[in-house]
Structure formats: C-alpha cells, structure tokens
Amino acid sequence: MNITADTERRSLNVAIVGGGVVGLTCAVALLRADVHVELFEAAARFEEIGAGVGIGANAARILASLGVLDEVLVKTQEPGLTMGSFSMKSGMDEHQLIYEYPWVAEDDGVGAHRASFLDALIAFIDPKFTHFHKRCVSVLTSTTESPRQVIHFADGTTHEADVVIGGDGIKSSVRTAVTGSSETRVAFSNTICYRGLIPYEAVKAAGVKTDFGRPIMFLGKGKHLVVFPVRNQALINVVAFAADHTIPIGSVQLPPDQPRVILVPQEEMLKEYEGWGNDVIGLLSCIPKPSKWFIHVVHPPLESYVKGRIALVGDAAHGMLPHLGAGAGQGIEDAYVIAGLLSNPQTSPSNVESVLQAYDRIRRPRAQMVWEASYRAGRVYDGFGDHGLSPEGVEQDIGRQWDPVYKHDIDNDIEQAVAWLKEMFIFA
Ligand SMILES: Cc1cc2nc3c(=O)[nH]c(=O)nc-3n(C[C@H](O)[C@H](O)[C@H](O)COP(=O)(O)OP(=O)(O)OC[C@H]3O[C@@H](n4cnc5c(N)ncnc54)[C@H](O)[C@@H]3O)c2cc1C
C-alpha cells in the first residue's frame, strides 16, 4: 500500500449534515472503513416517525455487507428477510385480484418499523462523533491553499472539513451549495398520503378479511393503498395515497409556511375513500388520527450531486415518490458507494474532488432511473398507466418493475467508479 496516500487518507476529514437513515448509514460505512467523520443533526436527537419502511433486497444486501443487518432485524423485531412481493387487488367491492407480482425468495426484503431501524444504525456510531442542535444554514469553501469546507450552523458556530456530505433530506440546505442557486429544486408531487400503524389484532377485529402476511396494494382510480406488516406481523403499516395525475409535477406550489405533515381527523380520510371496499374502509377505520403527508420530490432533477468537495446523498439528492418503496434504499446505495470511494486507499485530500465526481457519475443515472420508475408506478397503480387498471393492463404496465431496483450489483458500481478514476489517471 502507498504509505503517503494512506497517511493522507487517514487525515481525510468528513462531515455529514443530517442524521436520517441515509446520513447514519453513511456515518456507519465511513467509520467502519476507518475514515474520520463527524455528523451534525438539526434536531435534539436522532428521530424517525413511527411508521413502516420497506427495505428492499438491494438495501438489505448493503446492510448485511456493512455488518449491521442482524442488529436491524433484532431492533425491528423481524425474523429475517421475509417481506415478499406485492399482491395487487382492487380497492373496491370484493377486492378482486389484479396482479400478483412474481415472487422470488432472493428478492425478499424487510418491512421494518422506522424508528427501530434508526435505533439499530445509531448503535454503531460512537456518540463522540455526533452533534445535535446543529442546523446547517450554508456551506462555504474557504480559499486557503488546501480548500476546506466550512459549515455554518443556525447557532452561529461553524465546522471545517475536507468533505461535506449533505444527508439533510428533501428540504436540504446543503443542496443550494451544490446547485449554486437559491432555487430549491423541490416540488409538490400532487400526491398526498395518510399514514397509520395498527395492531394486526385490531385489523382482524374490524372485520378485515384480507391476509396481510404478504404485502398488499389496493388499487383504484387516482388512489391506492400500500399495506404491509411490521414487527413480525404484530403491526400493520398503512399508507393511503391520493394524487392528481392530470397536472405535471411542479405546477402546484403549496404555501411555503404550510407544514408538510399534519394530523387530520379520521373523517377526512374516510371521505377520500368513500365507496371503496370493506377491507379498505375497515383498515382506515382503525386509524383514529392519521397523519397526512404532502409529498414533495426533488424536481427538476439535479445536474450533479456534487460540487467541489460537497456531495449530496439520499433525499437531498433525489427525493422521489415512494411508489417503489425504494427512496431510502437508493440513499443507502449512495451511502455505500460514497463511503466505498472515500475509504479507497488511493483517496486523499488532494484528489477527493475527482473521487466525488466518480460518485456522481455512477450514482446519478441509477437514482434518477429509480425516481422515474417510482413516478410511473404511481400512475399505473392509480389507473393512469398506458393500459389501464384491468389485470391485463396492470400486468403489462408493471411487468417486473422491481427487477432493476433489487437485482443490482452495487460493488460492481464501485469497481466501475474506480476504473474511471484509473482511466483519468487519478488512481494508479
Ligand atoms: C409515505 C412514504 C413512504 C415511504 N416508504 C418507503 C419505503 O417503503 N422504502 C424506502 O426505501 N423508502 C421509502 N420512502 C422514502 C424514504 O422515507 C426516504 O427516502 C428516506 O427517509 C430519506 O432519508 P434521508 O436520510 O435522506 O432523509 P431524512 O430521513 O429526511 O433525514 C434527514 C435528516 O436531516 C436532518 N436535517 C434536515 N435539515 C437539516 C439541516 N439544515 N441541518 C442539519 N440537519 C438537518 C433532519 O432532521 C433529518 O434527521 C417513503 C417515503 C414516504 C413519504
């Protein structure tokens, strides 16, 4: 090993802004690779909402490779990778089967309780590297000989690092440092959803007949529900979507001061699904106080996830519609790739800008492909696909839409990025 490069690498100093699922995965991956990292979170503690998140097979493989999957399964109380593929049913009448997505055991993931998933990641990070009440307001580049990034926080303090990674979610403040513009690049997706987590026993007691051992979607015109179990089937996670597909994303702007998540009375949600079938109404009746989400996405897509020594990961880079259950998974892929490149023995403060360019080259096309596929999937579920909501139409439009997400060799991506760095004579 090149001693000089290795010594330089050890002195590489990385700061992560934002401690959500993606920022934390990034911190774990870097710390495991012996890269110095400090994490700055705006809130008083690491926090996730009490809801479910599907960890797809691609993300589960990364968690396993980082050595954290077992802890995730323990903390989320899941017996293993047991979340199979979706069965799609009509939201109306007798909930007739529309499309059974082909089930392949190797594509199984985990339906996880979000807060417990976060707890599992936190367990791998030494608290001395984490800082709370640190809301980043800007990132500036100092113009010294060896440029350093200076993070400015709302409390007036600053922190310097060689590299800043923005994992600060859809409302990212690091993003403006990357785009170099005050334009937010965030748009309302014309989609809202109601969310709830219900004891499975309560669902059965409400007379709901559908078996949720397997993830289920209930489809209808302009609306659909995603339902899957968490906590080893003790709880049922419900997300009920409603969207306006007749207008392009970005054509409606919500008032900037309107909260993006609010609690609403159950009646509002029930009214939205008036006339839907027994099991849909039964499920929704079990959510006394649903949260309502106004889903925003990064749009138009960024031209780069990187500027100089600043890089974006997760929703800060590519916040997408959740219709493939793949947004966090894409962020976990970002974290794995950026950590894999920053911890390469040949990476040093002097070549790190090119290394981040390699990250952007490999990650942006893939994450954007998943963004587009998620958008398309939502249209199909809501009867706006090319072939309509009939079983034949949905089968034709959906086909095997999760294959490109789940069956992906992420280590090969890192190899390709390294090969490009060699072609550019950045790496030997
Ligand atoms: C309804 C719904 C269902 C979904 N289901 C799935 C699913 O099943 N599977 C899946 O893979 N994905 C799913 N997603 C997407 C997934 O939730 C997101 O992609 C993921 O949570 C993004 O993680 P993140 O760490 O990038 O951002 P966030 O989780 O938003 O975390 C950002 C963190 O940064 C902090 N922060 C923000 N601003 C600052 C600042 N200025 N300074 C410092 N810290 C800051 C925040 O406090 C927060 O802790 C879903 C999304 C929605 C809306």
Side-chain angles (χ1 to χ4, degrees), residues 15-27 39-49 51-60 62-63 83 86 109-115 117-118 121-122 130-139 151-155 159 164-177 189 191-196 215 225-228 230 237-241 260-261 290-298 312-335 367 370-371 374 378 402 405-406:
I16 298 173
V17 176
V21 161
V22 177
L24 284 172
T25 305
C26 211
L39 191 149
F40 299 89
E41 164 58 46
R45 64 191 75 82
F46 296 123
E47 228 170 359
E48 256 289 2
I49 54 154
V53 61
I55 303 172
N58 54 319
I62 290 177
L63 297 176
M83 185 176 177
F86 275 95
V110 199
H113 185 263
R114 276 179 182 259
F117 176 28
L118 209 70
L121 294 173
I122 294 163
T130 59
H131 312 273
F132 297 104
H133 298 291
K134 289 289 174 191
R135 176 169 295 282
C136 164
V137 287
S138 63
V139 184
I151 309 174
H152 293 255
F153 298 104
D155 63 4
H159 176 83
V164 173
I165 298 178
D168 50 347
I170 188 77
K171 291 202 251 172
S172 172
S173 59
V174 180
R175 191 164 48 229
T176 49
S189 64
T191 305
I192 59 103
C193 70
Y194 301 95
R195 300 176 90 168
L225 280 80
V226 172
V227 189
F228 60 82
V230 299
N237 178 60
V238 180
V239 192
F241 294 93
R260 291 178 185 181
V261 185
S291 59
K292 179 179 183 179
W293 293 59
F294 297 85
I295 302 179
H296 284 69
V297 293
V298 171
L312 299 172
V313 290
D315 278 12
H318 45 64
M320 60 185 73
L321 278 159
H323 301 314
L324 290 180
Q330 281 309 295
I332 289 169
E333 288 190 5
D334 295 338
V370 179
W371 191 108
S374 301
W402 274 285
V405 180
Y406 294 162

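Counting starts at 1 for both ligands and their atoms, following the listed order.
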Considering non-hydrogen atoms only, spot the tightest contact between [X] and [Y] and give its length.
X	Y	answer
Ser374	Met320	OG-SD, 3.8 Å
Leu324	Val370	CD1-O, 4.3 Å
Glu41	Phe46	CB-CE2, 4.2 Å
Phe86	Val227	CE2-O, 4.4 Å
Ala59	Gly329	CB-CA, 3.9 Å
Ala328	Val22	O-CG2, 4.3 Å

Min side-chain heavy-atom separation [X]-[Y] under 4.5 Å:
X	Y	answer
His323	Val226	no
Ile49	Arg195	yes
Met83	Val110	no

Contact (N/O only, under 3.5 Å) between [X] and ligand 1:
X	value
Ala328	yes
Arg195	no
Gly325	yes
Phe228	no

Looking at [atom], what's its closest protein heavy atom, distance included?
atom	result
atom 42 (N) of ligand 1	Cys136 N, 2.9 Å
atom 49 (O) of ligand 1	Glu41 OE1, 2.7 Å
atom 17 (O) of ligand 1	Arg114 NH2, 2.8 Å
atom 31 (O) of ligand 1	Gly20 CA, 3.5 Å
atom 36 (N) of ligand 1	Asp168 CB, 3.9 Å
atom 8 (O) of ligand 1	Gly54 N, 2.8 Å
atom 28 (P) of ligand 1	Gly169 CA, 4.2 Å
atom 44 (N) of ligand 1	Ala42 N, 3.2 Å

Could you check whether any side-chain N or O of [X] sits under 3.5 Å from a backbone N or O of [Y], counting only pairs where one atom can act as donor and the other as acceptor?
X	Y	value
Trp293	Arg260	no
Ser189	Ile295	yes
Arg135	Phe153	no

**Item:** All side chain to side chain donor-acceptor pair (under 3.5 Å) counterparts of Ser173, not counting sequence neighbours
**Value:** Asp168

**Prompt:** What part of Phe40 sits under 4.0 Å from ligand 1 if we count only heavy atoms: the side chain, the backbone, both or neither?
**Reply:** backbone

**Message:** Under 4.0 Å, heavy-atom basis, I'd like to know which part of Ala326 is in contact with ligand 1: side chain, backbone, both or neither.
**Reply:**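 For Ala326, only backbone atoms sit under 4.0 Å from ligand 1.
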
**Message:** Consider side-chain contact (heavy atoms from CB on, under 4.5 Å). Of Val174, Val298, Asp334, which one does Leu312 pass it with?
**Reply:** Val174

**Item:** Set of side chain to side chain contact (heavy atoms under 4.5 Å, CB included) partners for His131, sequence neighbours left out
**Value:**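 Per chain and number, His131 pairs via side chain to side chain contact (heavy atoms under 4.5 Å, CB included) with Glu38, Phe40, Lys134.
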
Please confirm whether [X] comes under 4.0 Å of ligand 1, counting heavy atoms of the residue only.
X	answer
Met320	no
Gly331	no
Lys171	no

Closer than 4.0 Å to some heavy atom of [X] - which atoms of ligand 1 meet that?
X	result
Ser173	41 (N)
Gly327	10 (C), 11 (O), 12 (N), 19 (O)
Gly329	11 (O)
Gly314	26 (O)
Val22	23 (O), 24 (P), 25 (O), 26 (O)
Lys134	42 (N), 43 (C)
Val21	25 (O)
Val17	42 (N), 43 (C)

**Message:** Considering Leu118, Asp334, Asp315, Val313 one by one, which has a heavy atom nearer to atom 26 (O) of ligand 1 than any of the others?
**Reply:**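 Among Leu118, Asp334, Asp315, Val313, the closest heavy atom to atom 26 (O) of ligand 1 belongs to Asp315.
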
